[in-house]
Chemist: 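Let me begin by handing over the structure; questions about it come next.
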Amino acid sequence: MTQTDRPLPVDTAIARLVDQVRASLAQGDLDDPLVVGIHTGGVWVANALHRALDCQEPLGRLNITFYRDDFRTLGLHPQVSPSDLSVDVDGRDIILVDDVLFTGRTVRAAMNELFDYGRPRRIALAVLYQRNGRELPICADWLGQELELGDNEQIHVDGPEPMTARIVINEET
Amino acid sequence: MAVEFVRPKIPKFAPDPWAIQFDDKGRLRHLLTIEGLGPQWITRILDTAEGFVSVTDREIKKVPLLRGRTVVNLFFESSTRTRTTFELAAKRLSADVLNLNLATSATKKGESLLDTLHNIEAMQADMFVIRHEESGAAHFIARHVAPHVSVLNAGDGWHSHPTQALLDAFTVRRHKGDFAPLRIAIVGDVRHSRVARSQMHVFNSLNVGELRVIAPRTLLPTDVEKLGVRVFHDMREGLKDVDVIIMLRLQRERMESGLLPSEEEFYRLYGLTEEKLGWAKPDAIVMHPGPANRGVEIESTVADGPQSVILEQVSNGIGVRMAVMSLCMSASATGDASTTPP
């Protein structure tokens with residue numbers, strides 16, 4: 001098995017994502033939204049979005065470890081840090097942010113966790129990269145870049161400063 | 001100032017008595033004692049607990065992790081705090097909980113421990129939480145359960161009470177951060193205390209600066225120094241420069257067995273009063289595993305005072321027990337985490 005990397009441009013994807021969210025906000029699609037990132041990569045993207053949109057309220061962080069659907073097969077994942085959502089989500093518009101949208105299972109887990117904090121008015125999804133391979137009926141409202149990848153290809157996002165991204169290709173030798 | 005921790009020597013060819021806590025992939029399956037966990041597992045449990053403690057601050061204090069699993073509390077000895085916090089921990093993980101108070105039932109009718117066990121196993125239990133007055137009871141049960149069942153020791157005889165020691169370490173870490181510069185003193189009836197024994201293992205594994213015990217000779221186990229502690233018989237000397245004071249419950253039945261002249265004398269010499277608290281560092285925290293005997297080992301105003309973290313210990317106990325339960329249940333996971341993408 002050999003592994004090759006192909007770098008992905010992060011800055012242009014972030015710029016595109018920020019532009020789209022801004023345009024939506026200008027149209028009044030969302031009312032005073034709360035930005036919430038999913039650990040770990042999603043928090044980095046959410047940070048960039050949070051800065052660009054000049055949000056007043058603190059960034060929310062979700063660690064979906066306790067909501068994953070693979071506990072029975074994989075057990076508890078080593079955690080990074082606890083969820084941190086200091087603002088009441090009841091009745092709020094929320095921009096949920098992740099780095100990569102693949103199967104959709106992470107986003108499902110994150111939505112379940114959000115609902116244990118309260119009842120948001122609306123949740124919209126922003127992702128840096130959207131790729132094929134969805135296993136649930138979930139799609140992004142805004143995305144930095146769309147990619148069509150093979151089964152042997154994966155997107156890796158590293159960060160936080162500087163944030164970099166690459167496609168890792170595993171090939172049988 | 002650091003104390004040298006003398007690790008018990010295990011003969012090379014004897015089976016490691018703590019190995020039973022881990023499965024063949026090295027995952028934690030049972031929690032029977034602190035020994036054998038080492039700093040890495042202890043730290044992992046404390047870090048995981050940090051995540052669960054944040055869950056208990058939310059509107060909905062439950063996570064779906066153990067949905068569909070059954071946790072059975074087997075209490076052969078009475079307990080309020082430990083049993084209820086284990087029950088609450090399991091419920092907050094969405095498990096089904098069965099509480100069996102066996103101090104008053106089956107075994108009294110002559111059923112053997114193993115028969116009781118197999119009967120409950122037949123009810124498709126996934127985890128046993130066991131408290132028993134005999135040292136080693138949890139070990140014994142762990143050796144005989146079905147392969148998918150985890151066993152947690154909630155206190156066995158004089159031997160061990162690992163979740164209490166872990167929640168104490170968690171509480172100390174939340175208040176004081178790093179363990180290396182700390183002086184911790186355990187005060188009172190060390191001899192009969194499974195909590196004290198587990199605390200010594202946990203704090204020494206985490207490399208605490210100095211661990212002290214303060215007690216009359218009659219309430220100390222022989223060779224207690226070998227557990228890695230400095231021994232004091234005088235409170236004024238023992239509490240000097242201490243950051244954390246852990247008071248132990250004086251078990252009144254000891255009075256009758258002639259180990260102590262009187263409660264009053266014990267309180268005068270070792271009871272934590274405001275005056276004696278002044279001998280420790282000004283920011284020292286006061287802990288007690290409960291239930292506390294006010295006016296026997298601790299003064300009421302100290303137990304309720306600003307330096308007391310006794311009630312916080314109880315709340316932290318829930319998060320720590322949630323962490324231990326979910327980590328032990330991870331051992332029955334069928335897949336291999338290293339080969340599957342996140």
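Numbers restart at 1 for each chain; the letters A, B, ... are given by sequence-line order, proteins then strands. All figures in this text were calculated on a predicted structure; none of them were measured in a lab. Side chains are part of it too, since the values below use all heavy atoms of this structure and drop only hydrogens, waters and symmetry mates.
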Chemist: Report, as yes or no, whether the 6.0 Å neighbourhood of atom CG on A:Asp11 holds more than 12 heavy atoms from other residues, nucleotides or ligands.
Modeler: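 Not more than 12 within 6.0 Å, no.
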
Chemist: Tell me, for B:Lys61 versus chain A, whether the close heavy atoms (under 4.5 Å) come from the side chain, the backbone, both or neither.
Modeler: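 Neither the backbone nor the side chain of B:Lys61 comes within 4.5 Å of chain A.
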
Chemist: Can you tell which part of B:Arg67 gets under 4.5 Å to a heavy atom of chain A, answering side chain, backbone, both or neither?
Modeler: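 Answer is backbone: N, CA, C or O of B:Arg67 sit under 4.5 Å from chain A.
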
Chemist: Quick one: closest heavy-atom pair of B:Ser54 and A:Ser83, and the distance?
Modeler: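 Smallest heavy-atom distance, with atoms named: OG-O, 4.0 Å.
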
Chemist: Tell me whether B:Gln40 at atom CD has more than 12 heavy atoms from other residues, nucleotides or ligands lying less than 6.0 Å away.
Modeler: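 No, CD of B:Gln40 has 12 or fewer neighbouring heavy atoms, counting only those of other groups under 6.0 Å.
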
Chemist: Please determine, among B:Arg58, B:Glu59, B:Met329, the option with the most heavy-atom pairs under 4.5 Å with chain A.
Modeler: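 Result: the option with the highest number of such pairs is B:Arg58.
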
Chemist: Take atom CG in A:Leu147; do more than 12 heavy atoms of anything else shown fall under 6.0 Å from it?
Modeler: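 It does: A:Leu147 CG has more than 12 such atoms within range.
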
Chemist: Would you compute the distance between atom CD1 of B:Ile60 and atom CG of A:Asn112 and round it to the nearest 0.5 angstrom?
Modeler: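 If we round to the nearest 0.5 Å, B:Ile60:CD1 and A:Asn112:CG are 11.0 Å apart.
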
Chemist: What's the spacing between B:Glu50 CD and A:Asn63 CG if we round to 0.5 Å?
Modeler: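 Going from CD on B:Glu50 over to CG on A:Asn63, the span is 12.5 Å.
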
Chemist: Would one find more than 12 heavy atoms of other residues, nucleotides or ligands at under 6.0 Å from atom CZ of A:Arg119?
Modeler: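 Open.
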
Chemist: Determine whether B:Met322 and A:Phe66 make a side-chain contact, defined as any pair of heavy atoms from C-beta on separated by less than 4.5 Å.
Modeler: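 B:Met322 vs A:Phe66: side chains apart.
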
Chemist: Please check if the number of heavy atoms outside A:Asp32 that lie under 6.0 Å from its CG is greater than 12.
Modeler: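 Enclosed: over 12 neighbouring heavy atoms sit under 6.0 Å from CG of A:Asp32.
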
Chemist: So which residue, B:Leu93, B:Thr48, B:Leu66, B:Val55, ends up with the most heavy-atom pairs under 4.5 Å with chain A?
Modeler: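 Among the listed options, the one with the most contacts to chain A is B:Thr48.
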
Chemist: In Å and rounded to the nearest 0.5 Å, what is the NE2 to OG distance from A:His77 to B:Ser326?
Modeler: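 Output value for this atom pair is 12.5 Å.
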
Chemist: Give the C-alpha distance, both sets of side-chain angles, the deciding distance and a yes or no for side-chain contact (heavy atoms from CB on, under 4.5 Å) between B:Val63 and A:Thr65.
Modeler: CA-CA 10 Å; B:Val63 293; A:Thr65 308; over 6 Å; no

